[in-house]
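Worksheet: the structure to be examined is printed underneath.
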Amino acid sequence: MYLAGCLPYLPDLVRPWARVSNRLLSEVKAIGLSASAEVSERLAPQLGMKVKAPTLLRHLRSIPDPPDAPVHVLGIDDFSMRRGDCY
């Protein structure tokens, strides 16, 4: 869809009203998932990105949760059972 004097909508490049490209957003999420927000904030400028810790956390909260899967193996805390702890 074209408007007079506007660029065409490019869904593969950027979402409507987004301030960052899809590629940069995926890179920011990958950095945020690999380390803590403060460590990622120090690492991002070395990779050519300007991003702060609250922004990283906001983007990480936007990632949907993985689907629930059935439990195949359930471990038991033998050490706590020997101490007599009951949870």
Side-chain angles (χ1 to χ4, degrees):
M1 175 178 177
Y2 286 96
L3 296 175
C6 294
L7 294 173
Y9 175 60
L10 304 169
D12 295 335
L13 182 62
V14 67
R15 296 176 311 182
W17 304 286
R19 295 183 178 191
V20 296
S21 67
N22 292 339
R23 182 176 175 192
L24 179 60
L25 183 60
S26 67
E27 294 294 326
V28 167
K29 288 179 181 180
I31 291 172
L33 288 172
S34 65
S36 69
E38 293 189 14
V39 171
S40 299
E41 182 181 6
R42 290 193 302 260
L43 174 66
Q46 296 174 358
L47 299 173
M49 301 178 212
K50 290 179 69 175
V51 66
K52 296 291 184 186
T55 304
L56 282 164
L57 292 174
R58 187 181 72 240
H59 288 310
L60 289 178
R61 284 191 294 267
S62 71
I63 298 173
D65 292 334
D68 291 336
V71 178
H72 295 289
V73 177
L74 180 64
I76 297 174
D77 188 2
D78 294 332
F79 183 72
S80 65
M81 289 178 68
R82 278 187 262 139
R83 287 188 311 186
D85 292 338
C86 181
Y87 298 104

Can you give each donor-acceptor pair under 3.5 Å made by side-chain atoms of residues 33-57, sequence neighbours left out, with the distance rounded to 0.1 Å?
from	atom 1	to	atom 2	distance (Å)
S34	OG	A30	O	3.3
S34	OG	I31	O	2.8
S36	OG	V39	N	3.4
S40	OG	I31	O	3.0
S40	OG	S36	O	2.8

Query raised in the report: side-chain contact (heavy atoms from CB on, under 4.5 Å) with S21: which residues, sequence neighbours excluded?
Result: R23, L24
Query raised in the report: What residue pairs, at least two apart or across chains, pass salt bridge (charged side-chain N to carboxylate O under 4.0 Å, His left out) with a residue in residues 57-67?
Result: none
Query raised in the report: At their closest point, which heavy atom of H59 faces which heavy atom of V28, and how far apart are they?
Result: CD2-CG1, 4.0 Å
